[in-house]
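Beneath this line is the structure, given in structure tokens, with notes to follow.
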Amino acid sequence: MAPATRVVRALWTGGCALAWRLGGRPQPLLPTQSRAGFAGAAGGQGPVAAARKGSPRLLGAAALALGGALGLYHTARWHLRAQDLHAERSAVQLSLSSRLQLTLYQYKTCPFCSKVRAFLDFHALPYQVVEVNPVRRAEIKFSSYRKVPILVAQEGESSQQLNDSSVIISALKTYLVSGQPLEEIITYYPAMKAVNDQGKEVTEFGNKYWLMLNEKEAQQVYGGKEARTEEMKWRQWADDWLVHLISPNVYRTPTEALASFDYIVREGKFGAVEGAVAKYMGAAAMYLISKRLKSRHRLQDNVREDLYEAADKWVAAVGKDRPFMGGQKPNLADLAVYGVLRVMEGLDAFDDLMRHTHIQPWYLRVERAITEASPAH
């Protein structure tokens, strides 16, 4: 394969596992348990007993004041307890994350790598980045798995290699919530050989959208079975559909293709000669390849319309009553969709997306949540 073609195939589409297979499915979630309300009864005589001897109006006022005081007390106590639990969970996660030394091998412009960075940054997990040369790929010569992202996690004397963006995210989230050994968690996501639609042998991973949690942990993360199912559905949608709209849109015209490769060369790891070859030959090659991708995925003549429809479909799924699909904070689906779209920033396709769809408010909220969680990144 020619170097330029290898570059264009890798940078925008690297690291994708194709189909979702469930394999050893965890036990289903129990329905959300009901919580006791704040209502209660006060014993003893006090103001209520005294009020009974007075007018009904005085009785009502006293009861209202007492009820309001009890409500405020229980509400304040609930909020303080919630803060304590949040602090306890944060401390546990900080303790777990401090045990890990993470190294991410990536192409900066790869949407799958961007997904992983969004997850790591939002969860304030420190990591080192190794930018991989997309032609020689010498940086990942240690690995028989030749796609990015690859994450190497050092935990004490143990070192684990995690492959595939969705596996990386699911395994690390499982680790942060459950505290299970990472070495054990990785075994829940077995690699499997399969043949894709083009007759090419590919590596897929079982269970990659599942968090391997017990019922109590799953209830803590999701609150209910529906939220878990929804998150998994849209994570898979980001991998199986949204990511395939990126290349046809950023290489839609010769001008856009050249601008995209100027960005790729500027942000990637290239020598001077490799950069020149990638910029001009790669742009020309990818412009032609994008036409084949358009046909393969049955996109509209104007591929922007597919991108706009996907964005508005996502916004409709999030809805108007919550800032994120995860509720008050981004969940793994929010981070996945954001990570995929982020690689287009600075290009015409991204500007058009923000201008012609309703996705911008949600996108900026996720961006702000990530920035606030991890200012260093």
Assess whether side-chain contact (heavy atoms from CB on, under 4.5 Å) is satisfied between S290 and R252, documenting all intermediate values. CA-CA 7 Å; S290 68; R252 185 180 62 151; over 6 Å; no
Would you sort out whether I370 and Y338 count as a side-chain contact (heavy atoms from CB on, under 4.5 Å), showing the intermediate values? CA-CA 10 Å; I370 291 174; Y338 172 83; 3.5 Å; yes
Can you see which heavy atom on V318 is nearest to which on F324, and at what distance? CG1-C, 3.8 Å
Kindly give the heavy-atom pair with the smallest separation between M286 and F261, and that separation in Å. CB-CE1, 3.8 Å
Partner set under side chain to side chain contact (heavy atoms under 4.5 Å, CB included) for L299, not counting sequence neighbours: W241, L245, P248, K294, H297, V303, D306
Distance-only, no hydrogens or angles: does the E305 side chain make a donor-acceptor pair with backbone N or O of N302 under 3.5 Å? no
Just by distance, do the side chain of E204 and the backbone of M192 share a donor-acceptor pair under 3.5 Å? no
Heavy-atom count around R322 CZ within 6.0 Å, excluding the residue itself: above 12? yes
Measure the CG-CG distance between L335 and D121 for me, rounded to the nearest 0.5 Å. 9.5 Å
Scan side-chain atoms only and decide if Q161 and S143 contain a donor-acceptor pair under the 3.5 Å cut-off. yes
Flag side-chain contact, heavy atom, 4.5 Å: F119 against L125: yes
Using side chain to side chain contact (heavy atoms under 4.5 Å, CB included) as the criterion, list what pairs up with K313, not counting sequence neighbours. W234, W237
How about NE2 on H356, more than 12 heavy atoms from neighbouring residues, nucleotides or ligands closer than 6.0 Å, or not? yes
Less than 4.5 Å apart, any side-chain heavy atom of V130 and any of L104? no
Q106-R117 side chain donor-acceptor pair, cut-off 3.5 Å: yes
Taking every heavy atom of E256 against every heavy atom of N249, the minimum-distance pair comes out as OE2-O, 3.5 Å
Please report the closest heavy-atom contact between Y105 and V152, naming both atoms and the distance. CE1-CG2, 3.7 Å
According to a hydrophobic-cluster definition based on side-chain heavy atoms being under 4.5 Å apart (Ile, Leu, Val, Met, Phe, Trp, Tyr only), do Y145 and V195 belong together? no
Quick check: do R146 and I140 have side-chain heavy atoms less than 4.5 Å from each other? yes
Answer whether the closest heavy-atom distance between the side chains of L100 and Y175 falls below 4.5 Å. yes
Note, L102 side chain near L120 side chain (heavy atom, < 4.5 Å): yes
Rounded distance [0.5 Å steps], OG1 in T174 versus OH in Y188: 9.0 Å
Indicate yes or no for a side-chain donor-acceptor contact from T187 to the backbone of E184 under 3.5 Å, with no hydrogens or angles considered. yes
Quiz question: by atom type and distance under 3.5 Å, do the side chains of E155 and Q160 form a donor-acceptor pair? no
Is any side-chain heavy atom of T203 closer than 4.5 Å to one of D164? no
pair R368-E372: side-chain heavy atoms closer than 4.5 Å: yes
Once you round to the nearest 0.5 Å, how far does CG of N133 lie from CZ of R137? 9.5 Å
With hydrophobic residues grouped by side-chain heavy-atom distances under 4.5 Å, do Y287 and L307 end up in a single group? no
Whether D334 side chain and G326 backbone form a donor-acceptor pair below 3.5 Å: yes
Please check if the side chain of R228 supplies one atom and the backbone of L211 the other of a donor-acceptor pair under 3.5 Å. yes
Rounded to the nearest 0.5 Å, how far apart are CD of Q180 and CE of M212? 9.5 Å
Show, in sequence, the C-alpha distance, side-chain angles and deciding distance for H244 and L293, and conclude whether the side-chain contact (heavy atoms from CB on, under 4.5 Å) test is met. CA-CA 8 Å; H244 296 300; L293 294 173; over 6 Å; no
Report yes or no: does D312 contribute a side-chain atom to a donor-acceptor pair with the main-chain N or O of E309 at less than 3.5 Å? no
For the residue pair V340 and A238, what are the closest heavy atoms and their distance? CG2-O, 4.4 Å
Interatomic spacing from CE in M325 to CG in N331 - rounded to 0.5 Å: 7.0 Å
Say whether, by atom type as modelled, one donor and one acceptor occur between the side chain of S170 and the main chain of K208 under 3.5 angstrom. yes
For P149 and V116, work out which heavy atoms get closest and say how close. CG-CG2, 3.9 Å
Q154 atom CD, over 12 foreign heavy atoms within 6.0 Å: yes
Answer yes or no: is there an ion pair linking R235 with D239, defined by an N-O contact shorter than 4.0 Å? no
Distance alone, cut at 3.5 Å: any donor-acceptor contact between the side chains of E226 and Y222? no
Give the intermediate values and the outcome of side-chain contact (heavy atoms from CB on, under 4.5 Å) for residues Y127 and T103. CA-CA 6 Å; Y127 60 99; T103 304; over 6 Å; no
What's the separation between atom CD1 in I150 and atom CD1 in I168, rounded to the nearest 0.5 Å? 8.0 Å
Would you tabulate the side-chain donor-acceptor contacts of residues 344-351 under 3.5 Å, counting partners in other chains and residues two or more places apart, or write 'none'?
residue : atom : partner : partner atom : Å
E345    : OE2  : Y363    : OH           : 2.4

Polar contact flag, side-chain donor to acceptor under 3.5 angstrom, K115-S166: yes
Give a yes or no answer on whether the side chain of Y189 reaches the backbone of W210 with a donor-acceptor pair at less than 3.5 Å. yes
Side-chain (R342) to main-chain (S114) donor-acceptor, under 3.5 angstrom: yes
Treat each ILVMFWY residue as a node, draw an edge where side-chain heavy atoms are under 4.5 Å apart, and state whether L288 and V277 are in one component. no
